[in-house]
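Have a look at the structure below before the remarks.
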There are 4 protein chains.
Amino acid sequence: MTIVAPRTPNLGLRLPSDEGVLLVHGEDRPGLVRAISSALSENGANIVSLDQHTDDPEGGRFFQRTVFHVNDYAAVRPALEESLAKLLGKGLGLTWTLSDRSVPKRVAILASTSDHCLLDLLWRQRRGEIAMTVPLVIANHTDVADDVRSFGIPFVHVPSGGVDKSAAEARIVELLKGNVDLVVLARYMQILSGDFLEQIGVPVINIHHSFLPAFIGAGPYRKAKERGVKLIGATAHYVTQDLDEGPIIEQDVVRVTHSDTAADLQRRGADVERAVLARAVTWHCQDRVMRNGRETVVF
Amino acid sequence: MTIVAPRTPNLGLRLPSDEGVLLVHGEDRPGLVRAISSALSENGANIVSLDQHTDDPEGGRFFQRTVFHVNDYAAVRPALEESLAKLLGKGLGLTWTLSDRSVPKRVAILASTSDHCLLDLLWRQRRGEIAMTVPLVIANHTDVADDVRSFGIPFVHVPSGGVDKSAAEARIVELLKGNVDLVVLARYMQILSGDFLEQIGVPVINIHHSFLPAFIGAGPYRKAKERGVKLIGATAHYVTQDLDEGPIIEQDVVRVTHSDTAADLQRRGADVERAVLARAVTWHCQDRVMRNGRETVVF
Amino acid sequence: MTIVAPRTPNLGLRLPSDEGVLLVHGEDRPGLVRAISSALSENGANIVSLDQHTDDPEGGRFFQRTVFHVNDYAAVRPALEESLAKLLGKGLGLTWTLSDRSVPKRVAILASTSDHCLLDLLWRQRRGEIAMTVPLVIANHTDVADDVRSFGIPFVHVPSGGVDKSAAEARIVELLKGNVDLVVLARYMQILSGDFLEQIGVPVINIHHSFLPAFIGAGPYRKAKERGVKLIGATAHYVTQDLDEGPIIEQDVVRVTHSDTAADLQRRGADVERAVLARAVTWHCQDRVMRNGRETVVF
Amino acid sequence: MTIVAPRTPNLGLRLPSDEGVLLVHGEDRPGLVRAISSALSENGANIVSLDQHTDDPEGGRFFQRTVFHVNDYAAVRPALEESLAKLLGKGLGLTWTLSDRSVPKRVAILASTSDHCLLDLLWRQRRGEIAMTVPLVIANHTDVADDVRSFGIPFVHVPSGGVDKSAAEARIVELLKGNVDLVVLARYMQILSGDFLEQIGVPVINIHHSFLPAFIGAGPYRKAKERGVKLIGATAHYVTQDLDEGPIIEQDVVRVTHSDTAADLQRRGADVERAVLARAVTWHCQDRVMRNGRETVVF
């Protein structure tokens with residue numbers, strides 16, 4: 001297998017060439033694994049790894065992630081897509097997406113004043129740990145501008161604009177629409193409207209600083225201190241119109257004690273936040289995460 | 001140091017003799033550590049270990065746990081208590097309790113039909129892992145009777161009695177009042193009244209099958225499955241009149257995935273429940289847990 | 001799907017009927033997933049879940065676990081086996097095993113004096129958490145006899161016999177050979193000979209009280225205390241002729257501090273030991289573990 | 001309590017003024033806690049928190065960390081030191097050190113080519129999470145020079161010089177001696193001589209990329225992959241003349257599976273390495289770590 005390095009400043013990123021990921025989901029029925037593996041085989045593709053899940057053995061939904069290798073993928077892809085459309089789409093009524101592992105996802109990051117989640121993502125991107133490029137960072141404050149630019153990444157300041165956020169949102173849509181495959185909110189302290197989510201047209205991942213559904217809303221560390229919990233956590237989820245209710249991708253916790261102040265919780269929580277967000281973005285960029293209503297399937 | 005074995009079927013329990021634990025709490029002020037260590041020294045006691053916490057350096061509350069050794073503790077104890085009452089109580093307005101490490105706590109366990117938390121506690125008691133004796137297990141069902149008796153521990157069936165729980169509660173108070181130092185609810189699926197808590201007169205520890213405050217109330221595993229969380233947990237807390245709101249002693253979590261069913265969550269959660277409850281009871285019986293309003297200090 | 005309950009005292013065990021597990025491993029080559037799924041489809045089997053792994057994309061070894069449902073499995077099985085033998089064995093040179101999920105594994109447990117790992121397995125078996133029956137417990141001491149029998153399980157005392165263990169081993173082989181599918185060493189403090197392993201003819205799982213390969217050999221908790229580690233652990237592995245070198249199935253750790261004595265380490269380690277062994281046995285009985293030289297693949 | 005900000009680029013560091021930390025260790029005997037608290041009280045100091053440990057109740061060693069507040073600490077300190085020298089040193093034969101919490105530790109970091117541990121420390125220092133200033137980073141390669149300087153911290157390249165390291169070590173001693181309180185090896189891939197350790201005269205903390213004592217020496221991730229472990233870890237320890245044998249300050253692990261390659265282990269291990277090193281350095285800079293032979297006491 002040859003590998004290609006992207007043109008972006010991902011110093012360490014080495015992506016496999018001639019490998020694709022096929023995600024399929026839909027109503028479960030007998031023979032789906034066979035049908036999908038046959039469709040791949042018939043187009044000269046060899047399965048490298050396969051994960052499959054059915055959420056209910058009787059009348060449930062079917063989810064499958066297949067990584068395959070095929071010689072000269074770019075050339076073969078149109079024929080493969082046609083096959084899949086015919087077989088999976090029309091024939092079986094399944095929903096499917098196909099991606100090319102040699103092409104990193106284009107990810108925009110939105111931030112406010114906190115640097116921990118943002119810098120952790122940029123470091124990992126530079127180290128080649130995440131299959132992504134970051135064409136742009138947008139923030140409603142300017143605190144992180146210098147750090148972002150030191151990574152060779154453009155920074156754009158879009159003030160949030162007080163009560164009416166619509167102008168700010170329109171500006172962000174203008175900058176990102178069509179240019180990115182994913183938007184990551186790295187402690188971006190603004191609530192996005194349903195309109196924005198619809199217009200941006202790509203998934204949006206947020207990091208919430210609590211183990212949802214505990215401590216929904218603002219001030220989770222203060223609330224955690226008041227309630228006297230012995231664990232604090234963080235949750236990465238896809239953003240939906242319902243605040244803090246989107247499908248959870250990843251969560252983790254860290255142990256705290258009576259001697260930790262609210263400021264200590266915030267400091268210790270920052271480590272969990274950046275770790276959890278990094279894992280969620282990494283998995284998303286590997287096409288490992290599929291939505292299933294309010295839940296996710298993470299292969 | 002000599003050690004004494006209790007008369008109860010704690011096969012492995014070895015408790016230090018001539019050692020006491022002094023718990024002190026109250027308004028913080030300069031010189032408290034010195035005053036307490038002087039009071040102990042003047043009575044011939046040598047400090048074995050000391051933990052101290054102040055919840056706010058300015059005008060906060062002071063908490064101290066001191067383990068000490070003194071020759072012939074039983075004989076010396078009255079004089080020591082008099083000293084402490086004079087110095088700490090009258091002199092400094094502090095609240096204090098003194099205990100004897102050679103005396104295990106007397107613990108009643110209340111259960112319903114689940115055996116995992118109950119058997120884990122009985123087995124740890126038999127191994128000598130917890131400084132307690134269990135004079136009695138009470139349940140509102142009879143499923144666990146044989147298991148309890150196989151440990152050589154009396155079992156009493158007190159049916160919960162439908163809508164009016166008062167007769168059942170009165171029966172439990174009658175059995176336990178004055179006979180135990182702690183009541184543990186090992187998945188006892190009944191809500192205890194404020195009257196009961198007042199009459200029983202000793203702390204009551206409950207295990208809740210979620211990482212509180214998430215999934216308060218009934219059916220936490222079902223709710224967790226519906227919400228698609230990636231971690232499930234358990235919480236041990238002191239019971240207060242406010243359901244699921246008592247001071248948290250210990251919490252822990254376990255990782256779950258999309259492929260775990262609600263039944264899997266329940267099974268995996270059972271392991272966390274018994275581990276968390278065992279730790280909370282162990283610490284309580286070592287006089288390591290002090291209440292501070294809605295929180296606990298765990299030394 | 002109907003479910004059948006075994007005749008053994010697995011009170012809670014509910015095993016799916018008409019479901020099988022097919023494990024396949026061998027030299028990787030293109031088309032294996034398709035070939036296996038086709039072989040199942042052609043025999044009327046529908047894939048319920050599938051996990052696949054290749055240890056090296058170029059010239060590596062292929063591992064696949066497939067759970068399938070087929071109507072009237074017991075009747076269909078001979079034809080299915082014939083198909084698989086022809087296709088996978090002769091045609092592709094793969095090694096495969098087929099099992100029936102409605103049939104629990106028959107597991108013998110060997111113990112010495114410690115009860116924690118043994119009782120945890122017996123509890124879980126009784127609760128129906130592990131797809132196994134336990135026809136026999138053998139120990140070289142009698143300490144655990146009463147506990148074992150209280151579960152309704154036969155206990156046989158086979159003293160280890162001093163320097164020459166061959167008579168004891170022969171007695172164990174005589175009792176177990178042909179009667180069990182797995183042998184579990186639940187803190188059985190005897191080293192088994194290569195002869196024994198060959199004659200017993202089924203996998204043997206051991207629990208070692210350290211995070212191997214640290215603290216190989218005897219006295220790991222003492223060694224851990226001397227080395228001042230901040231984590232202690234346990235390792236479940238298949239037993240091979242090389243002591244403490246068998247393929248690792250599962251490991252876990254727990255945090256310790258300077259204030260833990262060697263006795264504390266042993267006590268806290270016991271919890272890790274029983275949890276790790278229970279997971280390893282559970283996974284083995286679900287046909288989730290495949291050996292790959294010195295490693296395991298755990299699906 | 002007023003707080004002072006250091007003159008260094010610790011943007012977020014807020015250190016308490018008029019607070020000191022007294023570390024005491026030596027042969028245990030009755031009355032030590034009282035003696036120390038009296039010595040502090042008599043000099044007008046009020047105990048803020050106190051941790052105490054004895055490694056053996058009979059004839060063991062005594063360790064105590066006391067945080068205290070005293071008005072005008074800088075002015076009072078000489079008298080306090082005189083008191084302590086008289087009471088603790090001459091009177092009781094104890095070893096003690098006194099520090100001022102308003103003064104951050106001066107920490108030099110040595111690196112090679114890896115950036116993850118180094119950048120994590122610099123970023124935490126900039127956020128004010130660690131009570132340290134970093135006057136200098138030294139590396140035997142130049143890969144990290146730009147990153148270090150972007151934090152406003154001087155970078156010096158000291159090539160390791162082939163077989164004879166003595167010139168390189170002499171150059172490092174020349175740069176650091178008397179200028180720093182701690183040296184941190186952030187994946188510095190050179191073995192330091194006993195001579196160097198003696199001359200540098202301050203503690204040296206290293207991060208080893210395995211859960212010591214497993215996989216001592218070079219290539220731990222490769223060895224871990226070969227052994228098929230299910231957990232990989234990292235260990236922060238004080239450097240002594242015995243390679244990988246110094247007193248352990250902190251360890252942690254992360255779960256891996258059969259599907260992780262050796263490169264994956266390295267990538268996932270990097271996260272554990274930087275977390276473990278950051279904790280060890282944080283605790284050292286808070287005067288929480290005391291050596292006890294081959295072990296550490298971490299309060």
Side-chain angles (χ1 to χ4, degrees), chain C residues 51-57 60-61 63 210-216 220 223-238 244-262 272 276 279-280 283 288-299, chain D residues 51-57 60-61 63 210-216 220 223-238 244-262 272 276 279-280 283 288-299:
Chain C
D51 295 284
Q52 187 267 329
H53 171 65
T54 305
D55 66 359
D56 187 336
R61 286 174 65 75
F63 297 85
S210 85
F211 47 39
L212 289 175
F215 310 124
I216 282 178
K223 291 174 186 163
K225 181 66 190 166
E226 284 168 14
R227 183 62 189 87
V229 292
K230 301 297 186 189
L231 299 170
I232 57 166
T235 304
H237 63 94
Y238 288 115
D244 297 345
E245 293 287 341
I248 293 170
I249 304 168
E250 171 64 343
Q251 302 187 287
D252 215 338
V253 293
V254 67
R255 192 162 280 276
V256 295
T257 76
H258 58 266
S259 67
D260 288 303
T261 63
V272 188
V276 165
R279 272 181 246 150
W283 297 339
R288 292 187 176 278
V289 192
M290 302 178 78
R291 294 198 199 190
N292 183 17
R294 277 186 77 199
E295 293 180 67
T296 61
V297 171
V298 181
F299 285 126
Chain D
D51 295 284
Q52 186 267 329
H53 171 66
T54 305
D55 65 359
D56 187 336
R61 287 173 65 75
F63 298 85
S210 86
F211 48 40
L212 289 175
F215 310 126
I216 281 178
K223 289 175 188 164
K225 181 65 190 166
E226 283 167 14
R227 183 62 189 87
V229 292
K230 301 298 185 187
L231 299 171
I232 57 166
T235 304
H237 63 94
Y238 288 116
D244 298 345
E245 293 287 341
I248 294 171
I249 304 168
E250 171 63 343
Q251 302 187 287
D252 214 339
V253 293
V254 67
R255 193 162 278 277
V256 295
T257 75
H258 58 266
S259 67
D260 288 302
T261 63
V272 188
V276 166
R279 272 182 247 149
W283 297 338
R288 291 186 176 280
V289 192
M290 302 178 78
R291 293 198 201 191
N292 183 17
R294 278 187 76 200
E295 292 182 67
T296 62
V297 171
V298 181
F299 284 127

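Protein chains get the first letters and strands the later ones, always in sequence-line order, with residue 1 at the start of each.
For chain D, the nearby parts of C:D252 are the backbone and the side chain; heavy atoms of each come within less than 4.5 Å. Contact of C:E226 with chain D is made through the backbone alone, with heavy-atom distances under 4.5 Å. Residue D:S210 does not touch chain C at all, counting heavy-atom pairs closer than 4.5 Å. Contacts between C:S259 and chain D at a heavy-atom distance below 4.5 Å involve backbone atoms as well as side-chain atoms. With a threshold of 4.5 angstrom between heavy atoms, C:I216 does not approach chain D through any atom at all.
For the atom pair D:I232 CD1 and C:F211 CZ, the distance stands at 13.5 Å (nearest 0.5 Å). Here the OG1 atom belonging to D:T235 is positioned 8.0 Å from the CZ atom belonging to C:R227, to the nearest 0.5 angstrom.
The two residues D:P213 and C:V229 have their closest heavy-atom pair at CD-CG1, 4.0 Å. Residues D:R255 and C:Q251 share a closest heavy-atom pair of NH2-O, 3.1 Å.
The residue among D:T257, D:T261, D:T296, D:T54 with the most heavy atom pairs within less than 4.5 Å of chain C is D:T296. Comparing C:R294, C:E295, C:K230, C:K225 by how many heavy-atom pairs each has under 4.5 Å with chain D, the most go to C:K230. Residue with the most contacts toward chain C among D:D55, D:N292, D:L212, D:V298: D:V298 (heavy-atom pairs, distance under 4.5 Å).
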